[in-house]
Enquirer: 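My questions will all concern the structure given below.
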There are 2 protein chains.
Amino acid sequence: MKLDGILPYARILLEKAVGPGDIAVDATAGNGFDTLFLAKLCGSEGHVYAFDIQNEAIAATSNRLESENLLDRCTLFNTGHQDMKACIPETSFGKVTGAVFNLGYLPGGDKSIVTGAETTISAIVQLLEIMALGGIIVLVIYHGHPEGEVEKEQLLNFVSKLPQEQAHVLQYSFINQINHPPLIIAIEKR
Amino acid sequence: MKLDGILPYARILLEKAVGPGDIAVDATAGNGFDTLFLAKLCGSEGHVYAFDIQNEAIAATSNRLESENLLDRCTLFNTGHQDMKACIPETSFGKVTGAVFNLGYLPGGDKSIVTGAETTISAIVQLLEIMALGGIIVLVIYHGHPEGEVEKEQLLNFVSKLPQEQAHVLQYSFINQINHPPLIIAIEKR
(Lines give C-alpha, C1' and ligand atoms only; values in the text may rest on other atoms or scores of the structure.)
Protein backbone atom coordinates (compact mmCIF):
# COMPACT_ATOMS: atom_id res chain seq x y z
CA MET A 1 0.00 0.00 0.00
CA LYS A 2 1.02 3.64 -0.31
CA LEU A 3 1.03 6.11 2.53
CA ASP A 4 1.61 8.88 0.02
CA GLY A 5 -0.77 11.51 -0.95
CA ILE A 6 -1.20 13.90 1.91
CA LEU A 7 -3.47 15.99 -0.31
CA PRO A 8 -5.95 13.17 -0.74
CA TYR A 9 -6.08 12.83 3.05
CA ALA A 10 -7.23 16.46 3.34
CA ARG A 11 -9.97 15.67 0.85
CA ILE A 12 -10.98 12.49 2.65
CA LEU A 13 -11.54 14.58 5.78
CA LEU A 14 -13.62 17.15 3.88
CA GLU A 15 -15.63 14.43 2.18
CA LYS A 16 -16.54 12.99 5.56
CA ALA A 17 -17.40 16.40 6.99
CA VAL A 18 -19.41 18.04 4.21
CA GLY A 19 -22.62 16.55 2.86
CA PRO A 20 -25.60 17.70 0.76
CA GLY A 21 -27.24 20.84 2.16
CA ASP A 22 -24.24 21.81 4.27
CA ILE A 23 -22.38 25.11 4.30
CA ALA A 24 -18.63 24.99 3.60
CA VAL A 25 -15.82 27.54 3.58
CA ASP A 26 -12.77 27.75 1.35
CA ALA A 27 -10.59 30.18 3.26
CA THR A 28 -7.98 30.39 0.48
CA ALA A 29 -9.73 30.03 -2.86
CA GLY A 30 -6.48 30.12 -4.84
CA ASN A 31 -7.05 28.45 -8.19
CA GLY A 32 -10.46 27.23 -7.05
CA PHE A 33 -9.85 23.49 -6.91
CA ASP A 34 -11.06 23.12 -3.33
CA THR A 35 -13.94 25.56 -3.84
CA LEU A 36 -15.15 23.36 -6.69
CA PHE A 37 -14.62 20.22 -4.61
CA LEU A 38 -16.66 21.67 -1.74
CA ALA A 39 -19.38 22.90 -4.13
CA LYS A 40 -19.86 19.35 -5.35
CA LEU A 41 -19.99 17.98 -1.80
CA CYS A 42 -22.55 20.46 -0.49
CA GLY A 43 -24.91 19.90 -3.40
CA SER A 44 -27.57 22.17 -4.85
CA GLU A 45 -29.10 22.85 -1.41
CA GLY A 46 -25.76 23.73 0.21
CA HIS A 47 -23.45 26.69 -0.20
CA VAL A 48 -19.75 27.52 -0.29
CA TYR A 49 -18.18 30.78 0.86
CA ALA A 50 -14.71 31.32 -0.60
CA PHE A 51 -12.14 33.96 0.28
CA ASP A 52 -9.01 35.25 -1.41
CA ILE A 53 -7.13 38.54 -1.23
CA GLN A 54 -5.90 38.25 -4.83
CA ASN A 55 -8.08 39.31 -7.77
CA GLU A 56 -6.56 36.73 -10.03
CA ALA A 57 -7.46 33.95 -7.58
CA ILE A 58 -11.07 35.06 -7.42
CA ALA A 59 -11.18 35.24 -11.23
CA ALA A 60 -9.66 31.77 -11.61
CA THR A 61 -12.07 30.32 -9.04
CA SER A 62 -15.04 32.00 -10.67
CA ASN A 63 -14.08 30.62 -14.07
CA ARG A 64 -13.57 27.13 -12.72
CA LEU A 65 -16.97 27.10 -11.02
CA GLU A 66 -18.69 28.57 -14.06
CA SER A 67 -17.20 25.93 -16.35
CA GLU A 68 -18.93 23.30 -14.21
CA ASN A 69 -22.07 25.39 -13.83
CA LEU A 70 -21.67 25.56 -10.05
CA LEU A 71 -21.11 29.27 -9.53
CA ASP A 72 -24.64 29.78 -8.21
CA ARG A 73 -24.00 27.71 -5.11
CA CYS A 74 -20.88 29.68 -4.20
CA THR A 75 -20.17 33.20 -2.97
CA LEU A 76 -16.68 34.52 -3.63
CA PHE A 77 -15.23 37.28 -1.45
CA ASN A 78 -12.21 39.20 -2.69
CA THR A 79 -10.98 39.79 0.84
CA GLY A 80 -8.94 37.99 3.48
CA HIS A 81 -10.37 35.13 5.52
CA GLN A 82 -9.96 37.23 8.67
CA ASP A 83 -13.13 39.03 7.50
CA MET A 84 -15.02 35.77 7.43
CA LYS A 85 -17.58 36.35 10.14
CA ALA A 86 -18.52 39.76 8.76
CA CYS A 87 -18.98 38.35 5.24
CA ILE A 88 -20.88 35.12 5.86
CA PRO A 89 -24.59 35.75 6.40
CA GLU A 90 -25.81 35.00 9.91
CA THR A 91 -28.39 32.61 8.51
CA SER A 92 -25.47 30.27 7.74
CA PHE A 93 -24.08 30.35 11.28
CA GLY A 94 -24.20 26.96 12.94
CA LYS A 95 -24.44 25.19 9.59
CA VAL A 96 -20.80 25.25 8.47
CA THR A 97 -19.56 21.66 8.58
CA GLY A 98 -16.24 21.96 6.73
CA ALA A 99 -13.56 24.55 6.02
CA VAL A 100 -10.20 24.35 4.30
CA PHE A 101 -7.07 26.50 4.27
CA ASN A 102 -4.23 25.99 1.79
CA LEU A 103 -1.48 28.00 3.37
CA GLY A 104 1.50 29.37 1.47
CA TYR A 105 1.49 31.27 -1.82
CA LEU A 106 -0.81 31.06 -4.83
CA PRO A 107 0.50 28.27 -7.08
CA GLY A 108 1.62 29.92 -10.30
CA GLY A 109 1.12 33.35 -8.77
CA ASP A 110 3.24 35.96 -6.96
CA LYS A 111 5.36 34.05 -4.46
CA SER A 112 5.94 37.20 -2.42
CA ILE A 113 2.28 37.19 -1.40
CA VAL A 114 1.98 34.55 1.31
CA THR A 115 -0.49 33.72 4.03
CA GLY A 116 0.44 34.50 7.63
CA ALA A 117 -0.39 32.89 10.94
CA GLU A 118 -2.15 35.95 12.35
CA THR A 119 -5.02 36.09 9.84
CA THR A 120 -5.29 32.31 9.79
CA ILE A 121 -5.64 32.18 13.58
CA SER A 122 -8.24 34.95 13.48
CA ALA A 123 -10.22 33.00 10.89
CA ILE A 124 -9.97 29.75 12.88
CA VAL A 125 -11.35 31.50 15.97
CA GLN A 126 -14.25 32.87 13.90
CA LEU A 127 -14.90 29.47 12.34
CA LEU A 128 -15.05 27.76 15.72
CA GLU A 129 -17.82 30.24 16.58
CA ILE A 130 -19.91 29.77 13.45
CA MET A 131 -19.40 26.08 12.69
CA ALA A 132 -21.73 23.25 13.55
CA LEU A 133 -20.63 20.86 16.31
CA GLY A 134 -18.50 18.18 14.68
CA GLY A 135 -17.48 20.55 11.90
CA ILE A 136 -13.93 20.12 10.61
CA ILE A 137 -11.33 22.74 9.73
CA VAL A 138 -8.52 21.37 7.57
CA LEU A 139 -5.24 23.29 7.36
CA VAL A 140 -2.85 22.24 4.59
CA ILE A 141 0.39 23.95 5.53
CA TYR A 142 3.05 24.34 2.84
CA HIS A 143 6.22 25.32 4.60
CA GLY A 144 9.00 25.00 2.03
CA HIS A 145 9.40 28.81 1.82
CA PRO A 146 11.08 30.71 4.68
CA GLU A 147 7.92 32.43 5.97
CA GLY A 148 6.18 29.05 5.81
CA GLU A 149 8.36 27.57 8.52
CA VAL A 150 7.51 30.45 10.86
CA GLU A 151 3.81 30.23 10.00
CA LYS A 152 3.84 26.49 10.68
CA GLU A 153 5.40 26.91 14.13
CA GLN A 154 3.00 29.70 15.09
CA LEU A 155 -0.02 27.69 13.96
CA LEU A 156 1.14 24.51 15.71
CA ASN A 157 1.66 26.51 18.87
CA PHE A 158 -1.85 27.97 18.62
CA VAL A 159 -3.78 24.81 17.77
CA SER A 160 -1.94 22.63 20.28
CA LYS A 161 -3.27 24.92 23.01
CA LEU A 162 -6.91 24.88 21.91
CA PRO A 163 -8.89 23.56 24.92
CA GLN A 164 -9.86 19.95 24.32
CA GLU A 165 -13.44 20.74 25.38
CA GLN A 166 -13.61 23.13 22.43
CA ALA A 167 -11.77 21.19 19.74
CA HIS A 168 -9.90 18.02 18.92
CA VAL A 169 -6.74 18.73 16.97
CA LEU A 170 -5.08 16.11 14.81
CA GLN A 171 -1.69 16.45 13.16
CA TYR A 172 -0.94 14.35 10.07
CA SER A 173 2.45 14.71 8.46
CA PHE A 174 5.31 12.97 6.72
CA ILE A 175 8.30 13.45 8.96
CA ASN A 176 11.32 12.06 7.11
CA GLN A 177 11.13 13.79 3.76
CA ILE A 178 13.57 16.41 2.59
CA ASN A 179 11.24 18.16 0.17
CA HIS A 180 8.96 19.60 2.88
CA PRO A 181 5.67 17.85 2.11
CA PRO A 182 2.71 19.85 3.45
CA LEU A 183 1.58 19.22 6.98
CA ILE A 184 -2.10 18.68 7.69
CA ILE A 185 -3.89 19.85 10.79
CA ALA A 186 -7.51 18.87 11.30
CA ILE A 187 -9.57 20.66 13.94
CA GLU A 188 -12.91 19.20 14.98
CA LYS A 189 -15.30 21.55 16.74
CA ARG A 190 -16.60 19.97 19.94
CA MET B 1 -17.86 13.75 12.00
CA LYS B 2 -15.46 12.50 14.66
CA LEU B 3 -11.71 12.68 14.40
CA ASP B 4 -11.48 10.49 17.48
CA GLY B 5 -10.33 7.00 17.62
CA ILE B 6 -6.66 6.89 16.98
CA LEU B 7 -6.75 3.14 17.55
CA PRO B 8 -9.13 2.58 14.66
CA TYR B 9 -6.69 4.51 12.44
CA ALA B 10 -3.92 2.02 13.27
CA ARG B 11 -6.28 -0.76 12.27
CA ILE B 12 -7.30 0.98 9.06
CA LEU B 13 -3.63 1.06 8.07
CA LEU B 14 -3.16 -2.64 8.87
CA GLU B 15 -6.34 -3.54 7.02
CA LYS B 16 -5.02 -1.84 3.92
CA ALA B 17 -1.59 -3.43 4.25
CA VAL B 18 -2.40 -7.06 5.11
CA GLY B 19 -4.46 -9.27 2.83
CA PRO B 20 -5.17 -13.00 2.43
CA GLY B 21 -1.99 -15.05 2.11
CA ASP B 22 0.25 -12.35 3.59
CA ILE B 23 2.66 -12.64 6.48
CA ALA B 24 2.16 -10.24 9.40
CA VAL B 25 4.02 -9.50 12.62
CA ASP B 26 2.66 -8.51 16.01
CA ALA B 27 5.78 -7.23 17.74
CA THR B 28 4.03 -6.81 21.09
CA ALA B 29 1.41 -9.54 21.46
CA GLY B 30 0.13 -8.21 24.80
CA ASN B 31 -3.40 -9.44 25.32
CA GLY B 32 -3.55 -10.71 21.76
CA PHE B 33 -6.11 -8.35 20.26
CA ASP B 34 -3.89 -7.29 17.38
CA THR B 35 -2.55 -10.80 16.83
CA LEU B 36 -6.14 -11.97 16.39
CA PHE B 37 -6.93 -9.01 14.13
CA LEU B 38 -3.92 -9.80 11.93
CA ALA B 39 -4.75 -13.51 11.88
CA LYS B 40 -8.16 -12.70 10.43
CA LEU B 41 -6.65 -10.37 7.82
CA CYS B 42 -4.01 -12.80 6.57
CA GLY B 43 -6.49 -15.63 6.17
CA SER B 44 -5.93 -19.38 6.18
CA GLU B 45 -3.09 -19.12 3.66
CA GLY B 46 -1.23 -16.41 5.57
CA HIS B 47 0.63 -16.40 8.86
CA VAL B 48 1.22 -14.20 11.89
CA TYR B 49 4.38 -14.14 14.01
CA ALA B 50 3.81 -12.64 17.43
CA PHE B 51 6.36 -11.69 20.08
CA ASP B 52 6.17 -10.90 23.76
CA ILE B 53 8.66 -11.10 26.60
CA GLN B 54 5.97 -11.84 29.20
CA ASN B 55 4.63 -15.36 29.73
CA GLU B 56 1.22 -14.09 30.71
CA ALA B 57 0.94 -12.17 27.44
CA ILE B 58 1.80 -15.22 25.38
CA ALA B 59 -0.75 -17.26 27.38
CA ALA B 60 -3.46 -14.62 26.92
CA THR B 61 -2.75 -14.36 23.20
CA SER B 62 -2.76 -18.14 22.79
CA ASN B 63 -6.10 -18.43 24.56
CA ARG B 64 -7.61 -15.65 22.50
CA LEU B 65 -6.52 -17.24 19.23
CA GLU B 66 -7.65 -20.70 20.33
CA SER B 67 -11.09 -19.44 21.26
CA GLU B 68 -11.52 -18.34 17.65
CA ASN B 69 -9.81 -21.43 16.29
CA LEU B 70 -7.05 -19.38 14.68
CA LEU B 71 -4.02 -20.56 16.62
CA ASP B 72 -2.80 -22.71 13.73
CA ARG B 73 -2.08 -19.69 11.53
CA CYS B 74 0.01 -18.00 14.22
CA THR B 75 3.39 -18.65 15.79
CA LEU B 76 3.95 -17.11 19.22
CA PHE B 77 7.47 -16.39 20.45
CA ASN B 78 8.02 -15.78 24.15
CA THR B 79 10.94 -13.47 23.46
CA GLY B 80 11.55 -9.82 22.62
CA HIS B 81 10.89 -8.42 19.16
CA GLN B 82 14.61 -7.64 18.83
CA ASP B 83 15.01 -11.38 18.11
CA MET B 84 12.59 -11.14 15.22
CA LYS B 85 14.87 -11.95 12.32
CA ALA B 86 16.32 -14.99 14.07
CA CYS B 87 12.85 -16.32 14.89
CA ILE B 88 10.94 -15.78 11.65
CA PRO B 89 11.70 -18.50 9.09
CA GLU B 90 13.59 -17.29 6.04
CA THR B 91 10.84 -18.63 3.80
CA SER B 92 8.70 -15.75 5.07
CA PHE B 93 11.26 -13.07 4.24
CA GLY B 94 10.01 -10.65 1.60
CA LYS B 95 6.38 -11.58 2.32
CA VAL B 96 5.72 -9.55 5.47
CA THR B 97 3.24 -6.81 4.53
CA GLY B 98 2.24 -5.49 7.94
CA ALA B 99 3.63 -5.21 11.45
CA VAL B 100 2.35 -3.54 14.59
CA PHE B 101 3.92 -2.39 17.85
CA ASN B 102 1.87 -1.31 20.87
CA LEU B 103 4.48 0.43 22.96
CA GLY B 104 4.17 0.95 26.69
CA TYR B 105 3.23 -1.61 29.33
CA LEU B 106 0.94 -4.63 29.20
CA PRO B 107 -2.61 -3.39 29.90
CA GLY B 108 -3.67 -4.99 33.16
CA GLY B 109 -0.16 -6.32 33.74
CA ASP B 110 2.99 -5.21 35.55
CA LYS B 111 3.43 -1.51 34.79
CA SER B 112 7.10 -1.65 35.68
CA ILE B 113 7.75 -3.78 32.59
CA VAL B 114 7.77 -1.35 29.67
CA THR B 115 9.04 -1.38 26.12
CA GLY B 116 12.12 0.65 25.27
CA ALA B 117 13.27 2.48 22.17
CA GLU B 118 16.41 0.39 21.72
CA THR B 119 14.70 -2.96 21.09
CA THR B 120 11.97 -1.29 19.06
CA ILE B 121 14.51 0.37 16.79
CA SER B 122 16.38 -2.91 16.40
CA ALA B 123 13.13 -4.63 15.39
CA ILE B 124 12.22 -1.86 12.94
CA VAL B 125 15.61 -2.22 11.23
CA GLN B 126 15.08 -5.98 10.95
CA LEU B 127 11.54 -5.54 9.65
CA LEU B 128 12.69 -3.13 6.95
CA GLU B 129 15.01 -5.93 5.78
CA ILE B 130 12.45 -8.73 5.73
CA MET B 131 9.30 -6.89 4.66
CA ALA B 132 7.82 -6.73 1.19
CA LEU B 133 8.05 -3.42 -0.65
CA GLY B 134 5.05 -1.34 0.35
CA GLY B 135 4.83 -3.15 3.69
CA ILE B 136 3.68 -1.02 6.61
CA ILE B 137 4.99 -0.89 10.17
CA VAL B 138 2.55 0.74 12.60
CA LEU B 139 3.83 2.03 15.93
CA VAL B 140 1.18 2.91 18.52
CA ILE B 141 3.12 4.84 21.14
CA TYR B 142 1.58 5.23 24.58
CA HIS B 143 3.56 7.88 26.36
CA GLY B 144 1.59 8.77 29.48
CA HIS B 145 4.15 7.07 31.74
CA PRO B 146 7.55 8.73 32.37
CA GLU B 147 9.62 6.24 30.34
CA GLY B 148 7.08 6.59 27.55
CA GLU B 149 7.94 10.22 26.92
CA VAL B 150 11.62 9.32 26.52
CA GLU B 151 10.80 6.37 24.28
CA LYS B 152 8.60 8.58 22.10
CA GLU B 153 11.34 11.17 21.60
CA GLN B 154 13.95 8.53 20.80
CA LEU B 155 11.67 6.82 18.30
CA LEU B 156 10.66 10.10 16.63
CA ASN B 157 14.30 11.01 16.33
CA PHE B 158 15.11 7.66 14.73
CA VAL B 159 12.23 7.43 12.28
CA SER B 160 12.45 11.05 11.17
CA LYS B 161 15.97 10.28 9.96
CA LEU B 162 15.11 7.18 7.95
CA PRO B 163 16.23 7.88 4.38
CA GLN B 164 13.23 8.69 2.24
CA GLU B 165 14.45 6.26 -0.43
CA GLN B 166 14.11 3.51 2.15
CA ALA B 167 10.89 4.47 3.89
CA HIS B 168 8.07 6.98 4.06
CA VAL B 169 7.27 7.94 7.62
CA LEU B 170 3.91 9.36 8.62
CA GLN B 171 3.06 10.81 12.00
CA TYR B 172 -0.58 10.88 13.11
CA SER B 173 -1.38 12.34 16.49
CA PHE B 174 -3.81 14.39 18.54
CA ILE B 175 -1.84 17.38 19.71
CA ASN B 176 -4.08 19.33 22.09
CA GLN B 177 -5.18 16.69 24.56
CA ILE B 178 -4.08 16.59 28.15
CA ASN B 179 -4.57 12.86 28.66
CA HIS B 180 -1.68 11.84 26.35
CA PRO B 181 -3.52 9.97 23.60
CA PRO B 182 -1.21 7.53 21.83
CA LEU B 183 0.79 8.76 18.89
CA ILE B 184 0.82 6.72 15.70
CA ILE B 185 3.80 6.38 13.40
CA ALA B 186 3.39 4.53 10.12
CA ILE B 187 6.49 3.46 8.19
CA GLU B 188 6.10 2.30 4.61
CA LYS B 189 8.98 0.29 3.17
CA ARG B 190 10.05 1.71 -0.18
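Reckoned from all heavy atoms, side chains included, excluding hydrogens, waters and symmetry mates. A, B, ... follow the sequence lines: proteins, then strands. Residue 1 opens every chain.
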Enquirer: Is it the case that atom CG in Asn69(A) sees more than 12 heavy atoms from other parts of the structure closer than 6.0 Å?
Expert: no
Enquirer: At their closest point, which heavy atom of Asn176(A) faces which heavy atom of Val159(B), and how far apart are they?
Expert: CB-O, 3.6 Å
Enquirer: Counting only heavy atoms not in Glu118(B) (residues, nucleotides, ligands), do more than 12 fall under 6.0 Å from its CD?
Expert: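 Result for CD/Glu118(B): open.
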Enquirer: Do the side chains of Tyr172(B) and Leu170(A) get nearer than 4.5 Å, heavy atoms only?
Expert: yes
Enquirer: Would you indicate whether Phe37(A), at its atom CZ, is surrounded by more than 12 heavy atoms from other residues, nucleotides or ligands within a distance under 6.0 Å?
Expert: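 Enclosed.
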Enquirer: Side chain of Gln164(A), backbone of Ile178(B): donor and acceptor closer than 3.5 Å?
Expert: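 Yes, because the side chain of Gln164(A) sits within donor-acceptor range (under 3.5 Å) of the backbone of Ile178(B).
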Enquirer: In terms of hydrophobic clustering (I, L, V, M, F, W, Y; side-chain heavy atoms under 4.5 Å; direct or indirect links), are Val125(B) and Met84(B) co-clustered?
Expert: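 Both belong to a single hydrophobic cluster.
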